[in-house]
Visitor: 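Got a structure here, written out as structure tokens. Questions coming.
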Number of protein chains: 2
Amino acid sequence: MRTSLKELAKKSGYSVNTVSRALRDADDVKASTKSLIKQLAEEMGYIPNVVAKNLRLGKTNTIGVVSADSSNPYFAEVILAIEDAARSHDYHILLVNTEESPEGEREAIDTLIERQVDGLLIIPVFGEDANLERLKNLSVPFLLVGRWLPGLEDHSILTDEYDKAKQVTSLFLANGHTHVLHLAGPSFVSSSFDRIKGYRDAHSEAGIPVNEDLIVETDGHIEDGHRHINALIRKELPFTALFAFNDLVAIGAMRALKEAGYLIPQDVEVVGFDDLDLSRYLYNSLSSVRIPKQELGRIAFESLFEHMTDPKKLYRRQTIESRLMLRETTTFENIGDSQIQGGIK
Amino acid sequence: MRTSLKELAKKSGYSVNTVSRALRDADDVKASTKSLIKQLAEEMGYIPNVVAKNLRLGKTNTIGVVSADSSNPYFAEVILAIEDAARSHDYHILLVNTEESPEGEREAIDTLIERQVDGLLIIPVFGEDANLERLKNLSVPFLLVGRWLPGLEDHSILTDEYDKAKQVTSLFLANGHTHVLHLAGPSFVSSSFDRIKGYRDAHSEAGIPVNEDLIVETDGHIEDGHRHINALIRKELPFTALFAFNDLVAIGAMRALKEAGYLIPQDVEVVGFDDLDLSRYLYNSLSSVRIPKQELGRIAFESLFEHMTDPKKLYRRQTIESRLMLRETTTFENIGDSQIQGGIK
DNA sequence: CATTAAAATATTAACGATAATATTATGCGA
DNA sequence: TCGCATAATATTATCGTTAATATTTTAATG
């Protein structure tokens, strides 16, 4: 049986409370008593029961992380950064995946709240209004990581994806591409929405009408990028530039292009999004918008931490800057950006 | 303030116990009482306090997952599968990263035990004997995922990596490669150890002496693969085949080879390990040993679940079969393996 | 040496649930 | 209508902590 404070008390002759205070180094316990009790605890292999402590204190030092899909390398990195930051603040994370379903998200949030997490970091999907209401009435602090939800924009930590999507598209258009394909992300995700908006606005600014056939929705996975490009080639849809929702889609797409005999960047120029660690090591190192994933994760936890510490703190939308990294899948230079490094960019 | 059973009791006129039993559908509570109480709970927005429940029941429905580095796509997939399986059994996971340090591993295990997890899944590193002892005396069931520790082999769920490493190396040797480079993993990881052993034994079986210069230790990350190949090329170390510790290292290595002007597979044939989702979508689709990551994760949880359900159940080492996937970074066929599919292999 | 403040420890209550046991209410048969 | 089994509910104890309060011991002071 596990040894508890009670047993330490019995064995030592002190009361449970004194034992508890001794182990916590309370200053109203005699030094000699402390060392005696600590030694006994050591000998008896005492392990504190944090569940009991949590119940008593009404605080669990645990946050819930509601992730869409933790195996996606983008989220995986963000989550790692969250966990790192949490650990350094003596917090733990309960990780739940929703598989991008509002239903899963609801369940995840509910069970995490039941488990008395002190806060929540959520990578949300657009869902029913009921979910929104539920969030608004949540009894613990929460932040939305890298995505937003209508009416809850203040809870978001975002990147400047609209701007960057527009910039990428504008660069393509400025460099003579009239048929820029956008392999967009799923419609129930805010980043998808923002990036499509950037794509559209770049066109209207350039005075070029958007060809709706050139906006194709994918599920954001590599296979889907591959599949869609195959289909588009079969349909003989012409395009000379590809702006992908993320690097995974870009990789799948580039593979399909290669299989069909197209050269990158000569026949098709490609830009991805997220800038995964491996993207710059690809055969054609991939031009991509670098989202500072670690920073995003760290700031997410740290902001949440502030809200947990001070529940009255007001929520305000935060934006982290990303940066377009131009590499071998594009031929042009970024106007106004001279930060080109040698070697592996 | 959150509503508790006590408040439901006061409001309804029933005792706390009856309320508790009603909500749990105990059969010694009148049907009308149940529905009355349930409705009240609904109205008052009652949310059960699982921490209190856990304390009372001495069970948390939580397992600890001690991961080396959850941002590594290989682990990320395994962990996702663990979480999936856990969720379907009404379990949650507390995820802690160790950054491959024995120290971090010790701390992780300690804090998870204090948090009363019902079991542990650990991706361990070789460390001090003290850590081993600590594991052996653990009060909860635990399994080692994809790795082993000396003396705890029975707790492991492994893949046949020794066999596959030997197979890969033998294939290289049989196809005339006399200089097979092995970019090995870190020495404190069992898989590294096993794969090196396979590499060596393949040589001795073929009667070819091992050139120690051709076994190079990496940290298993993409950058390190790139860095080491650069260094080796500078040193003019000749090799015509590369067996990488994992796909990440292979990707980094291939990029370095390309930068130096080598062609794959004409100048250097490459085989990786793990078979990441994206590996078959690379420009040169990567030949790799496919570890069934989802299966590994699922079986890890399910075995642990059995041990948690029946603590007397004996531990026995489990092995999952992996499979060599030959793609475009190699030119030969796998002797005795005819499962070649069309399209993207 | 008595008095009293301060130091050290003990006692009691509480967190919110569940389990074991005790009590009360209900219905049925004779 | 009584007795008694059974159904329904209540009471008490408990999980392992920590906080608030109470008590005892020790040390300091005159």
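A note on names: the letters A, B, ... follow the listed sequences, proteins ahead of strands, and every chain is numbered from 1. Since the structure is predicted, the reported quantities are computational estimates derived from the model, not experimental observations.
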Visitor: For a 4.0 angstrom threshold against heavy atoms of chain A, report the outermost contacting nucleotides of DNA chain D in 5' to 3' order.
Guide: D:dC15 to D:dA20
Visitor: Can we say B:K38 and B:D25 salt-bridge, meaning some charged N sits less than 4.0 Å from an Asp/Glu carboxylate O?
Guide: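 Salt bridge present between B:K38 and B:D25.
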Visitor: Got a salt bridge between B:E7 and B:K10, using NZ or NE/NH1/NH2 to carboxylate O under 4.0 Å?
Guide: no
Visitor: How is A:R21 classified with respect to the nucleic acid when contacts are heavy atoms under 4.0 Å: base, sugar-phosphate, or nothing?
Guide: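 The answer is nothing, as A:R21 stays clear of every strand by at least 4.0 Å.
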Visitor: Just to be sure I understand the rule, does A:L55 reach a base, reach only the sugar-phosphate, or reach nothing, if contact means heavy atoms closer than 4.0 Å?
Guide: base
Visitor: Quick one: label A:S20 by what it contacts on the DNA or RNA (base, sugar-phosphate, nothing), any heavy atom closer than 4.0 Å.
Guide: base
Visitor: At a heavy-atom distance below 4.0 Å, what parts of residues 31-51 of chain A sit against DNA chain C?
Guide: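 Output list: A:T33.
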Visitor: Angle class for the B:F193/B:F126 ring planes (parallel below 30°, perpendicular above 60°, tilted otherwise)?
Guide: perpendicular
Visitor: May I ask you to say whether B:R87 pairs ionically with B:E83, meaning some side-chain N is under 4.0 Å from a carboxylate O?
Guide: yes
Visitor: Checking B:T62 side chain against B:H92 main chain: does a donor-acceptor pair fall under 3.5 Å?
Guide: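 Side chain of B:T62 to backbone of B:H92, a donor-acceptor pair under 3.5 Å: no, none is there.
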Visitor: So for the helix from C:dC1-D:dG30 to C:dA30-D:dT1, with five pairs setting each end axis, what is the inter-axis angle to 10°?
Guide: 60°
Visitor: Starting from C1' on C:dT11, measure out to NZ on A:K6 and report it in whole angstrom.
Guide: 15 Å
Visitor: Report the relative orientation of the aromatic rings in A:Y315 and A:H307; use parallel for angles under 30°, tilted for 30 to 60°, perpendicular for over 60°.
Guide: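 Rings of A:Y315 and A:H307: parallel, as their planes differ by under 30°.
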Visitor: Looking at B:R134 and B:E107, is any side-chain nitrogen of the basic one under 4.0 Å from a carboxylate oxygen of the acidic one?
Guide: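 Here B:E107 does not pair with B:R134 in a salt bridge, since their nearest N and O are not under 4.0 Å apart.
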Visitor: Below 4.0 angstrom, N of the basic side chain to O of the carboxylate: do A:D84 and A:R298 qualify?
Guide: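 The answer is no: the pair does not qualify as a salt bridge.
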Visitor: Where along residues 110-120 of chain B does a heavy atom come under 4.0 Å from DNA chain C, residue by residue in number order?
Guide: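 Nothing qualifies; none.
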Visitor: For A:K6, look at atom NZ and say whether over 12 heavy atoms of other residues, nucleotides or ligands are found less than 6.0 Å away.
Guide: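 Incorrect, the count does not exceed 12.
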Visitor: If I take atom CG in residue A:L8 and atom P in nucleotide C:dT9, what distance separates them, rounded to the nearest angstrom?
Guide: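 Checked: the CG to P distance equals 15 Å.
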Visitor: Applying side-chain hydrogen bond (donor to acceptor under 3.5 Å, both in side chains), can you list everything that pairs with A:E77, at least two apart in sequence or on another chain?
Guide: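 Expected list: none.
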Visitor: Check if the side chain of B:N17 and the base of C:dA19 share a donor-acceptor pair of N or O atoms closer than 3.5 Å.
Guide: yes
Visitor: Work out which heavy atom in B:P186 is nearest to a heavy atom in B:G220; give both atom names and the distance.
Guide: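 Heavy atoms of B:P186 and B:G220 come nearest at CD-N, 4.3 Å.
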Visitor: Applying salt bridge (charged side-chain N to carboxylate O under 4.0 Å, His left out), can you list everything that pairs with B:D27, at least two apart in sequence or on another chain?
Guide: none
Visitor: Look at B:E306 together with B:K313 and state whether they make a salt bridge at an N to O cut-off of under 4.0 Å.
Guide: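 Between B:K313 and B:E306 there is a salt bridge, with a charged N closer than 4.0 Å to a carboxylate O.
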Visitor: Taking only N and O in the side chain of B:R56, is any of them less than 4.0 Å away from OP1 or OP2 of C:dG16?
Guide: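 No.
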